[in-house]
Amino acid sequence: MYDTDTYLTPRLCHTKPPATTEAFQLKVFVFQICDSYPQYLYVPTCASQKVLLGSAGFRSRGRLPVLSYLHPSTNAAICRCSQPLSGFSARCEEDEQMLACILRATPSSRTVWIIDTRPRVSLLPLNQLHTYPIRVNFTSKSYSITALLSFFLLQLNAMANRATGKGYETEQNYVGMKVQFFSIENIHVMRSALNKLVEVSDLKAGSDDLNVPSHSIFLDGLQATGWLKHIRAILDASVFVAEKIVEGDSVVVHCSDGWDRTSQTCALACLLLDPYYRTIHGFMALIEKDWLSFGHKFSERAGHLRPFYTGGGNSPAVTPSSAVSMVMDTTREQSPVFTQFLDCVWQLLVQKPYAFQFNERFLLVLHDHLYSCQFGTLIGNNEKERKELRLEERTYSLWGFMKRHLTEYINPLYDAERCRNMDILVPDIAPQQLRLWVMMYNRFEEGIHPREPLLSALTILKDHSSSLEDHLQLLEKIGGADVFPMGFHEEAFDRVYQPAVRCGTVSEYGYFGARYCSAAVEIMGDDVQSL
């Protein structure tokens, strides 16, 4: 897949080592400092080994801040990590020095933005809650009972999180940094939202005669799922990161463990900033960099591995009770994190079709093979696990398969020249601009949804136009008389022409003429001399 020269900065790949930059140096850790990180990492040149080890010890799962993307014009950096183990008041001098090194490594940055993609529920003031029709008197103010209950549950969850040693950065401890929170929910909330969306997609209430859901019922159900609200939250964080990079400020992105919401945000920010990642090969490299190399848990999130119960035999592998428990545990780790990322990319594709070399079919095929397990590319929870499973030797590559079908994924509206002149791709993330991805969630539904996307229709029209051009060239060639040396026979022409269109051999006049002659002989038999 990789050519080392292709992945020099600013596009950093963590599978094979590109050249060392002045501000950031390549470190070969071979999974020692963190087994869910790639073996090659870019870190600030000014960061000592003591600072690196100290910062890794202070971050969840040892995922210290490392470089993910370096902008070619502003030299601002996107770095990623996991949450600090700050608890209620803990500090780490090495971790604070690590972020200071990132600031020094990017002289154009006035500050470093720490992007915590999680909701900042533990510091939400009570007086920010909205009032609703159902009210209760609480400290001389009126609040919704539902809002209060949700507020206190979130508070308890946040306090429990901090009691276990986890937490977030404060601007008092990290001098010169700014902390920004975003409301991207955890994997359990996202899994629940997808389950609700599936239920709404299968809805069969409404018209008794047609047995299909009415449009209003479907829209009400869609709003209740909160799915598009979650998509908007992911896009909001990504746009913020991209805008800060263009302004010249570096960012450090993290969530809890740094492999779900962090991957979504960093990958989408790179997509907005760099037109290379909006090409077919660039998008493959983006998934390798921000998802596969940085340890997104594909197997757990997609539910690839499930325990099985064998009732027969002398020694069952798993007892029924333990099987149920194990299934519940594996189900708790499942979540549509990568699906949401592809959904966000589709939202960008719909709004800015000229900016993407690939079409909707490309995204759908990629998503289908996440769950098909026909290829080893999207199997495994991190790079180390994939090496131990020897997937590169024992399975086929999804990228190789997709490269053999590139013509199916080309977007006819792609304008490469226009993309090169753009600093950043800025989508409209207003709620009314976000759409349900019908071809993903209702692909086989025959109810109220339109079946054919605009880009697919354009692709068909383009192919038809090319066929007509080939036909015109053939008809012009007929005047040369060599294509039909035996004269013209309409039935023989019709028999040969359509298969030639499907095989793409219409323009090969010698081959077409030979096929035509064979068909004419077969049809006319003894009367062939009359032609």
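Worth saying up front: this structure is predicted, and the values here are computed from it rather than measured. Nothing fancy with the numbering, it's 1 onward along the sequence.
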Exercise for review: Using the side-chain contact (heavy atoms from CB on, under 4.5 Å) rule, take F341 and L363 through it: C-alpha gap first, then chi angles, then the decisive distance, then the call.
Suggested key: CA-CA 10 Å; F341 166 69; L363 299 176; over 6 Å; no
Point to revise | C373 vs I379, side-chain contact (heavy atoms from CB on, under 4.5 Å): CA-CA, chis, key distance, verdict | key: CA-CA 7 Å; C373 295; I379 294 177; 4.2 Å; yes
Exercise for review: Applying side-chain contact (heavy atoms from CB on, under 4.5 Å), run through K403 and H281 and close with a yes or a no.
Suggested key: CA-CA 9 Å; K403 283 181 178 180; H281 290 88; 3.6 Å; yes
Check your understanding: salt bridge (Lys or Arg N to Asp or Glu O under 4.0 Å) between K196 and E199: does it pass, once the steps are laid out?
Key -> CA-CA 5 Å; K196 294 176 182 177; E199 293 176 2; over 6 Å; no
Exercise for review: In sequence, state the C-alpha distance, the side-chain angles, and the governing distance for L436 and L197, and then conclude on side-chain contact (heavy atoms from CB on, under 4.5 Å).
Suggested key: CA-CA 10 Å; L436 175 69; L197 181 60; 4.0 Å; yes
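With rounding to the nearest 0.5 Å, the separation of OH in Y441 from CH2 in W227 is 4.5 Å. Atom-to-atom distance recorded for E94:CD and Q49:CD is 12.0 Å, nearest 0.5 angstrom. Residue R91 holds its CZ atom at 7.0 Å from OG1 of T170, rounded to the nearest 0.5 Å. Taking CG of L378 as the reference point, atom CG of L370 lies at 5.5 Å (rounded to 0.5 Å). Residue F294 holds its CZ atom at 6.0 Å from OH of Y37, rounded to the nearest 0.5 Å. In this structure, CZ in R80 is found 6.0 Å from CZ in R63, a value given to the nearest 0.5 Å.
For F283 and Y277, the ring centers sit 6.0 Å or farther from each other. Ring centers of Y168 and F181: under 6.0 Å apart, within the cut-off. Taking the centre of each ring, F401 and Y396 stay at or above the 6.0 Å mark. A distance below 6.0 Å separates the ring centres of Y409 and F362.
Ion pairing between a basic and an acidic side chain is recognised when a charged N comes within 4.0 Å of a carboxylate O; D249 and R110 show such pairing. Contact check on R386 versus E383 returns no salt bridge, with no Lys/Arg side-chain nitrogen under 4.0 Å from an Asp/Glu carboxylate oxygen. With salt bridges taken as basic N to acidic carboxylate O contacts below 4.0 Å, one links E417 and R420.
At most 12 heavy atoms of other shown residues, nucleotides or ligands fall within 6.0 angstrom of atom CD in E392. The neighbour count for Q433 CD, taken as heavy atoms of other residues, nucleotides or ligands under 6.0 Å away, is above 12.
Residues K297 and W259 have side chains in contact (heavy-atom distance under 4.5 Å, counting atoms from C-beta outward). In this structure, E169 and M177 have side chains that are not in contact, with every pair of non-hydrogen atoms separated by 4.5 Å or more. For the pair Q83 and C255, the minimum side-chain heavy-atom distance is 4.5 Å or more. A 4.5 Å side-chain heavy-atom check between S293 and Y40 finds every atom pair outside the cut-off. Here the side chains of P107 and N75 are not in contact, with every heavy-atom distance at 4.5 Å or above. Between M98 and L64, the closest side-chain pair of non-hydrogen atoms falls below 4.5 Å. The shortest distance between side-chain heavy atoms of H71 and Y69 falls below 4.5 Å. By the 4.5 Å heavy-atom criterion applied to side chains, T377 and F298 are not counted as neighbours.
Put simply, the side chain of R261 never gets that close to the backbone of R118: no donor and acceptor are under 3.5 Å apart. Side chain of R278 to backbone of Q357: no donor-acceptor contact under 3.5 angstrom is found.
The shortest non-hydrogen separation linking V200 to L222 is CG1-N, 3.9 Å. Minimum heavy-atom separation, L235 to Q347: CD1-CB, 4.3 Å. When all heavy atoms of H367 and L342 are compared, the closest pair comes out as CB-CD1, 3.6 Å. Closest heavy-atom contact between R191 and E333: NH1-N, 4.4 Å. Between A47 and V51, the shortest heavy-atom contact is CB-CG1, 4.4 Å. Here the closest non-hydrogen pair linking S82 and S256 is CB-O, 3.5 Å.
Using cut-offs of 30° and 60° on the angle between ring planes, the pair F338 and W291 is perpendicular.
Paired with I184 under the rule side-chain contact (heavy atoms from CB on, under 4.5 Å), one option of T262, D260, T117 passes, and it is T117.
In this structure, a donor-acceptor pair under 3.5 Å is present between the side chains of Y174 and D95.
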